[in-house]
Amino acid sequence: MESNGIVKKNNGMEGDPELQFLLQGGELLKVRSTSWIKPRYFRLQADCKTMWHQSKKTFPSNQTFSLEDISEVRKGRQSEGLRKYTDEQEESRCFSIIFKDRHKDLDLMASSEEEAKQWVSSLEKMISNINNLNSQQKTEHWIFSCLTKADKNKDDKLTQSEVKDFFSMINIDVDDHYTEMLFKECDKSESGYLDGKEIEHFYKLLTHREEIDVIYGEYSKTTGFISPENLLTFLVKEQREKATLDAVHKIIETYEPDENAKEKKMLTKDGLLMYLQQPDTLILNPEHKEVYQDMSQPLSHYFISSSHNTYLMEDQLKGPSSTEAYVRALMKGCRCVELDCWDGSDDEPVIYHGYTLTSKILFKDVIKAIKEYAFKTSDYPVILSLENHCSVKQQAVMAHHLSSILGSALITSPLGEGIPTNFPSPEELKGKFLIKGKRLNKLEAAEDDDTDVTEEEEESIGENEQKEEEKSKKKKKLKLAKELSDMVIYCKSVHFQGFEHARKNQSFYEMSSLKEGDAIKLAEESANACVRHSVEKLTRIYPAGYRTDSSNYNPLPLWNAGFQIVALNFQTACTAMNLNQGRFLVNGKSGYVLKPSYMRDTATEFDPITLSRGDWLKHKILHVMIISAQQLPKVNQKKTSIVDPLVKVEIDGVPADVAVKETNVIENNGFNPAWNENFQFDLYVPDLALVRFVVEDYDSTSVNEFVGQYTLPFNSLQMGYRHVPLLSKNGDLLPSARLFVHIMVLDAE
């Protein structure tokens, strides 16, 4: 099929030894337990992105997965399964395939070290190659894959019936009359099938973008092409960018595919589309992808991406605990992880959800995993929030593991000379770990010679227990090992007794943990007091005990009140996690976002609910036009199931700004639906607002099904014509799916 050339040409890997190795495939051992190690044949399919594997049963089963779904290929015994079920001497033969979504990870063993290296390097090269394809190439790749599947008899030709099947695969329901009309238009040879150039023509008709025609027509009126001067006008007037003629010439040189047009310094329609699909022209301001905020302020001046019961992969009662859950949270930029520590056998502390059936993992294995993955996504400090239920003896073991594994990266004394009076900054703490937990005394107190001392236990210690409310009211005693206590420097856990008490008695490094219900009540009734308290002191919020299904609360009201460490269940795909991902999408995905200046002032009058006059009031009008969408994924994989998409635009921020508007439904078209609908929003505190685009599959009889979403800070929007990438429920990029919108922000005054 001619289209085969599309993929091969674009991924530029014809004859590549790694590609040839994967296309040929080979046998690997799949490891599930010590008694379940079975051979499987793995091979890359002709589309160069789907891996196929087969078991050697009497009735063999075939399974596939996409290279786009792989998060990472890990060399060696670097997964829990391989460490548990294989011997150390097999280290060099082992590797793991870690997936982005809920797909079960694959633990594999090759026949030799060389073969394992070949599999790892080949897979990594192909994944890198796919990730580096531009939007146009991803579209071609995906369409070719569907064309290949539609060509049932593999004769490199498409019959009218196969074209109809192809439409269903790409998520568009086309009646027989339209299929016949399009087929006849492309079947120039009148042979009754499409091949070669006819398929290319079919592809061009299919991917034609009418909305791009309109923009192109507007800016190419004089010559029929977009000249450098026309393009400069487009960038300045429409896209509201600071552009120069030099920059315009570079754009034409880089994105114009037609060599003749490029020579004449002109931009064709294809060139404009290529430019509008490149990463820096999408809706997110490219300057905000890097660390762009001041990182030298005290730690309490930042919102900090935070996880609750980080060890859990699923629910809170019976699901698995795993070091992999820590890896996933850290790779998503989480900077505060939680460790529920209990006495284990053989004097080795374990982590699990106490008084439940969740599985147990070794404390030392968790610390090793954290050490390995803490700074891969972000260089900025990681807070280890210890919920300590261990005996003094095993607390000493915890302290030993923390010290020996984390080494000099662990903060064990204040930075600088003398007793500190304020937090260090994220910049000063780069690459460091902070321990949050109980401490025997204040930093400024004299040394205590006892190896353990009793102290009143804070409410959060009992947050796992069923009768938390009653237990927290009783005086509790907790014995602390001095070695562990001394590691608590900047995040000493104390019981919250009100803002006035905190102001008079708490040192800056003494912080409280609040249940979501208590925190929301404070945020609603004493928002300004929350904001002032959070200028100098850290506060951690955690989900209510009734959320046994690992559901999440809305973090927005708590961020609006200035609370920094709003801990969520990272393992749960939900709106709250979309908002968290959107909040921390910017500033280099560092996990730290600087609060606005009026939330960093102890005398501030800012109240997100009453909104009295002040610096925070910056009335803006947001105009959003939802123009179209491309390549929306199927919600239901049945052949006949086609998406009926609608788009919701949500503003999430202070109560006065919260709003949602939605488009009409487009029936039976997930491939290239067009809306051309305009919405207007008023925003009063834009600094705290997030904009969320949600695509849903309309269902008249039940709740609409989620298709994809994208959330970003209002202040990070780019204006003009922009593509919006779409993410899955789990927050992973949907390779070819996107919205096309027009954005304009105006001052209301």
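Note that the structure is a prediction, hence the values are computed from the model and not measured.
Cation-pi geometry between K661 and F679 is not met at under 6.0 angstrom from the ring centre and within 45 degrees of the axis. A cation-pi arrangement is absent between K620 and F714, since the terminal nitrogen or guanidinium carbon is not both under 6.0 Å from the aromatic centre and inside a 45° cone about the axis. For the pair R583 and F303, the cation-pi test (distance below 6.0 Å, angle within 45°) is passed. Relative to the six-membered ring of Y216, R209 misses at least one condition, a distance below 6.0 Å or an angle of at most 45° to the axis.
The distance from atom CD of Q239 to atom NE2 of H742, rounded to the nearest 0.5 Å, is 6.5 Å. Taking CD1 of I743 as the reference point, atom CE of M719 lies at 10.0 Å (rounded to 0.5 Å). To the nearest 0.5 Å, the span separating CD1 on I251 from CD on E256 amounts to 12.5 Å. Once rounded to the nearest 0.5 Å, the distance linking CG of L726 with CZ of R738 reads 9.5 Å. Atom-to-atom distance recorded for T310:OG1 and F570:CZ is 8.0 Å, nearest 0.5 angstrom. Going from atom OG of S551 over to atom CG of L568 covers 10.5 Å, rounded to the nearest 0.5 Å.
Considering every non-hydrogen atom in both A674 and I666, the closest pair reads O-CD1, 3.2 Å. Between Q571 and S550 the shortest heavy-atom distance is NE2-OG, 3.1 Å. Closest approach of V658 and G653 over heavy atoms only: CG2-O, 3.7 Å. Considering every non-hydrogen atom in both T268 and A261, the closest pair reads CG2-CB, 3.6 Å. The nearest pair of heavy atoms linking I626 to V741 is CD1-CG1, 3.8 Å. Between A689 and I651, the closest heavy-atom pair is CB-CG2, 4.3 Å.
Aromatic ring centres of Y219 and F234 lie closer together than 6.0 Å. The ring of H53 has its center closer than 6.0 angstrom to the ring center of F65.
The backbone N or O of T572 lies less than 3.5 Å from no partner atom in the side chain of N569, so there is not a single donor-acceptor pair. In terms of modelled atom types and a separation under 3.5 Å, the side chain of N552 and the main chain of M577 share no donor-acceptor contact. Between the side chain of K100 and the backbone N or O of E68 there is at least one donor-acceptor pair closer than 3.5 Å. Distance alone, capped at 3.5 Å, places no donor-acceptor pair between the E290 side chain and the E287 backbone. N560 places a side-chain N or O within donor-acceptor distance of the main-chain N or O of L556, the cut-off being under 3.5 Å. In this structure a side-chain-to-backbone donor-acceptor pair under 3.5 Å is missing from D644 to D697. Using modelled atom types, no side-chain atom of N309 and backbone atom of L312 make a donor-acceptor pair closer than 3.5 Å.
Two residues are said to be in side-chain contact when any heavy atoms from C-beta on lie closer than 4.5 Å; P286 and Q718 meet this criterion. Residues T50 and L67 are not in side-chain contact: their nearest non-hydrogen atoms beyond the backbone lie 4.5 Å or more apart. With contacts defined as side-chain heavy-atom distances shorter than 4.5 Å, the pair F166/L158 does not qualify. No side-chain heavy atom of M625 sits less than 4.5 Å from a side-chain heavy atom of M744. Here the side chains of I212 and L276 are in contact, with some heavy-atom distance below 4.5 Å. Looking at S736 and Q630, their side chains never come closer than 4.5 Å, going by heavy atoms from C-beta outward. Annotation: side chain of R547 is in contact with side chain of E516 (closest heavy-atom distance under 4.5 Å). A 4.5 Å side-chain heavy-atom check between K589 and S378 finds every atom pair outside the cut-off.
Looking at N715 and D687, their side chains do bring a donor and an acceptor atom within 3.5 Å of each other. No hydrogens or angles considered: nothing links the side chains of Q316 and D549 as a donor-acceptor pair under 3.5 Å. Side-chain contact annotation: S702 with D699, donor-acceptor N/O pair under 3.5 Å present. W52 and T64 share no donor-acceptor pair across their side chains, judged by distance under 3.5 Å alone. A donor-acceptor pair shorter than 3.5 Å can be found between the side chains of R692 and N578. Counting only N and O atoms by type, the side chains of D682 and H619 include a donor and acceptor under 3.5 Å apart.
Scanning for side chain to side chain donor-acceptor pair (under 3.5 Å) contacts around E677 gives N664, with sequence neighbours left out. N587 pairs by the side chain to side chain donor-acceptor pair (under 3.5 Å) definition with Q293, not counting sequence neighbours. Listed by chain and residue number, nothing satisfies the salt bridge (Lys or Arg N to Asp or Glu O under 4.0 Å) test with E162 (two or more places apart in sequence, or in another chain). Not counting sequence neighbours, E314 has no partner by the salt bridge (Lys or Arg N to Asp or Glu O under 4.0 Å) test. For D732, there are no salt bridge (Lys or Arg N to Asp or Glu O under 4.0 Å) partners at least two apart in sequence or on another chain.
Shown here is Q680, whose CD atom has more than 12 heavy atoms of other residues, nucleotides or ligands within 6.0 Å. Under a cut-off of 6.0 angstrom, the local environment of NZ in K289 is crowded, with over 12 non-hydrogen atoms contributed by other residues, nucleotides or ligands. Within 6.0 Å of CZ in F202 there are more than 12 heavy atoms belonging to other residues, nucleotides or ligands. The 12-atom threshold is not exceeded at NZ of K184, counting heavy atoms of other residues, nucleotides or ligands nearer than 6.0 Å.
Between Y721 and F740, the ring planes are parallel. Angles under 30° get that label, and only those over 60° would be called perpendicular.
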**Request:** List the steps, then state whether side-chain contact (heavy atoms from CB on, under 4.5 Å) holds for T377 with L330.
**Result:** CA-CA 7 Å; T377 297; L330 292 165; over 6 Å; no
**Message:** For a side-chain contact (heavy atoms from CB on, under 4.5 Å) check, start with the C-alpha distance between V248 and L235, then their side-chain angles and the critical distance, and finish with the verdict.
**Reply:** CA-CA 9 Å; V248 162; L235 293 176; 3.9 Å; yes
**Message:** Please evaluate residues I98 and E324 with respect to the criterion side-chain contact (heavy atoms from CB on, under 4.5 Å), reporting the C-alpha separation (whole Å), side-chain torsions for both, the decisive distance (0.1 Å), and the verdict.
**Reply:** CA-CA 10 Å; I98 311 298; E324 194 56 45; 3.7 Å; yes
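Across L579, L690, V694, V691, a single residue satisfies side-chain contact (heavy atoms from CB on, under 4.5 Å) together with E650, and that is V694.
For residues 268-288, the set of pairs meeting the ring-ring contact (aromatic ring centres under 6.0 Å, His included) definition, not counting sequence neighbours, comprises Y255-Y275, H288-Y292.
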